[in-house]
Amino acid sequence: MLARQRQAFILDRVREDGAVRVADLVRELGVSDMTVRRDLEMLDERGLLEKVHGGATSLSGSAVFEPGFAVKSSLQQAEKDAIADAAVGLAEPGMAVAVSAGTTTYALAQRLANVPGITVVTNSIQVADVLHRAGRPDQTIILTGGVRTPSDALVGPFAVAALRTVHVDLVFVGVHGMDPRSGFTCPNLLEADTDRALIEAGRRLVVVTDHSKWGVIGISSIARLDQADTLVTDAGLSAEARLILGGAVRELIIVDPASGARSAVSGDGDQPTELRSPVGVPHAVDAR
């Protein structure tokens, strides 16, 4: 294997797993310890990863950093479960909904599997798989085509073209970051383009994301903060972030993973109230 091929392999592993160990790479690549360390040093010098004792890690501060699905699934699990528990109440039986790729939306999909009669449009292999495994005959699952990313999203022109033919009641979107100036962002340009098409397909946008995404900025914006009809997040969100988001989105729902408590703040500055499920009129999806 040429040095360029080894280094491409190493970068793929880092992007998928978040980190690699020298010992594992020696075994998988069939080369010496010295060769692996030299490859890591070269990649580190090029700013593509961070060399650490015994291996290397991804550059988590980069606007294009995108860990794999398995890595992201292990982060903020309690928060994601609480957010999904709150968000699923927004989807009513018989609705057409769209779901973006991501680990929070994957947790949501596990709950959507219990909502009767819904049609789900998604560009996420993981989301489609969990709904397919549920095997409900009263649900319709539509998976877009496209190019697969490290986070198991299907993106690019094929995905965008498919999404431009559908119209749904709700769009659930997970995001890489949220910032007052940059809005909701993504670390992958093609995925951002696909997310924008997903958002345009819906009458109502629901963003589901945990507090750790506040202040994080990906390379591409997918929506302004004020484009979100509802933002569901967790109680780890700072007071400053709550103030900014509460004034931007139409409804801010905050859940506490520890106590299970939920509060909702409307965009007009109302005080927190009991969480209420909105009333919507479902309509059919156009999948021509």
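Every value quoted in this text rests on a predicted model; they were computed, and no experiment measured them. FYI, the numbering just counts along the sequence from 1.
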Quick one: does any side-chain atom of [X] pair with a main-chain N or O of [Y] as donor and acceptor, under 3.5 Å?
{"X": "Thr194", "Y": "Gly156", "result": "yes"}
{"X": "Asp169", "Y": "Ala96", "result": "yes"}
{"X": "Gln7", "Y": "Met42", "result": "no"}
{"X": "Thr233", "Y": "Ile254", "result": "no"}
{"X": "Ser124", "Y": "Ala101", "result": "no"}
{"X": "Ser221", "Y": "Ser182", "result": "yes"}
{"X": "Gln5", "Y": "Leu2", "result": "yes"}
{"X": "Thr105", "Y": "Ser100", "result": "yes"}

(message) Do Ser32 and Arg37 pair up side chain to side chain, a donor and an acceptor below 3.5 Å, judged on atom types alone?
(response) no
Any chance you could measure [X], atom [atom1], to [Y], atom [atom2], to the nearest 0.5 Å?
{"X": "Leu225", "Y": "Leu252", "atom1": "CG", "atom2": "CG", "value": "11.0 Å"}
{"X": "Arg196", "Y": "Ile222", "atom1": "CZ", "atom2": "CD1", "value": "8.0 Å"}
{"X": "Lys51", "Y": "Leu43", "atom1": "NZ", "atom2": "CG", "value": "11.0 Å"}
{"X": "Ser212", "Y": "Glu79", "atom1": "OG", "atom2": "CD", "value": "8.0 Å"}
{"X": "Asp193", "Y": "Asn188", "atom1": "CG", "atom2": "CG", "value": "10.0 Å"}
{"X": "Arg6", "Y": "Leu29", "atom1": "CZ", "atom2": "CG", "value": "7.5 Å"}

Can you find a pair of side-chain heavy atoms, one from [X] and one from [Y], that are under 4.5 Å apart?
{"X": "Trp214", "Y": "Leu245", "answer": "yes"}
{"X": "Leu163", "Y": "Val121", "answer": "yes"}
{"X": "Val216", "Y": "Thr185", "answer": "no"}
{"X": "Glu251", "Y": "Val265", "answer": "no"}
{"X": "Val171", "Y": "Val206", "answer": "no"}
{"X": "Val97", "Y": "Thr119", "answer": "no"}
{"X": "Tyr106", "Y": "Val130", "answer": "yes"}
{"X": "Phe184", "Y": "Gln227", "answer": "no"}

(request) Assess whether side chain to side chain contact (heavy atoms under 4.5 Å, CB included) is satisfied between Leu40 and Ile10, documenting all intermediate values. (result) CA-CA 8 Å; Leu40 294 180; Ile10 292 170; 3.8 Å; yes
(request) Tell me, with the steps shown, if Val26 and Val31 meet side chain to side chain contact (heavy atoms under 4.5 Å, CB included). (result) CA-CA 5 Å; Val26 168; Val31 296; 5.5 Å; no
(message) Please enumerate all residues that pass salt bridge (Lys or Arg N to Asp or Glu O under 4.0 Å) together with Arg181, with sequence neighbours excluded.
(response) none
(request) Answer yes or no: is there an ion pair linking Asp229 with Arg204, defined by an N-O contact shorter than 4.0 Å? (result) no
(request) Inspect the contact between Arg111 and Asp81 and indicate whether a charged nitrogen and a carboxylate oxygen are less than 4.0 angstrom apart. (result) yes
(request) Could you tell me which residues satisfy side-chain contact (heavy atoms from CB on, under 4.5 Å) with Thr209, sequence neighbours excluded, listed by chain and number? (result)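 Partners of Thr209 under the side-chain contact (heavy atoms from CB on, under 4.5 Å) test: Val175, Met178, Val207, Lys213, Leu231.
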(message) Using a 4.5 Å cut-off between side-chain heavy atoms of Ile, Leu, Val, Met, Phe, Trp and Tyr, which other residues end up in the same hydrophobic cluster as Leu143?
(response)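 So far as hydrophobic clustering goes, Leu143 is joined with Ile125, Leu154.
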(request) Dump the intermediate steps for side chain to side chain contact (heavy atoms under 4.5 Å, CB included) on Arg262 and Asp256, then the final yes or no. (result) CA-CA 6 Å; Arg262 305 176 191 176; Asp256 187 339; over 6 Å; no
(message) Thr140 vs Val120, test: side chain to side chain contact (heavy atoms under 4.5 Å, CB included). Steps then yes/no.
(response) CA-CA 6 Å; Thr140 300; Val120 179; over 6 Å; no
Heavy-atom pair with the smallest gap, counting every atom of [X] and [Y]:
{"X": "Val232", "Y": "Ala86", "value": "CG1-CB, 4.0 Å"}
{"X": "Gly145", "Y": "Ala159", "value": "O-CB, 3.2 Å"}
{"X": "Asn114", "Y": "Gln139", "value": "N-NE2, 4.4 Å"}
{"X": "Val22", "Y": "Val36", "value": "CG1-CG1, 4.0 Å"}
{"X": "His176", "Y": "Cys186", "value": "CB-CA, 3.9 Å"}
{"X": "Asp234", "Y": "Gly236", "value": "OD2-N, 2.9 Å"}

(message) Quick check on Glu240: does its CD atom have over 12 non-hydrogen neighbours (other residues, nucleotides or ligands) under 6.0 Å away?
(response) no
(message) Counting neighbours of CZ on Arg133 that are heavy atoms of other residues, nucleotides or ligands and sit closer than 6.0 Å, is the number greater than 12?
(response)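 Yes, enclosed.
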Going hydrophobic residue to hydrophobic residue with side-chain gaps under 4.5 angstrom, can you get from [X] over to [Y]?
{"X": "Ile253", "Y": "Val88", "answer": "yes"}
{"X": "Leu190", "Y": "Leu11", "answer": "no"}
{"X": "Leu198", "Y": "Val160", "answer": "no"}

(message) I need the single residue from Thr104, Thr103, Asp85 that forms a side-chain hydrogen bond (donor to acceptor under 3.5 Å, both in side chains) with Lys80. Which is it?
(response)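 Checked Thr104, Thr103, Asp85 against Lys80; only one passes side-chain hydrogen bond (donor to acceptor under 3.5 Å, both in side chains): Thr103.
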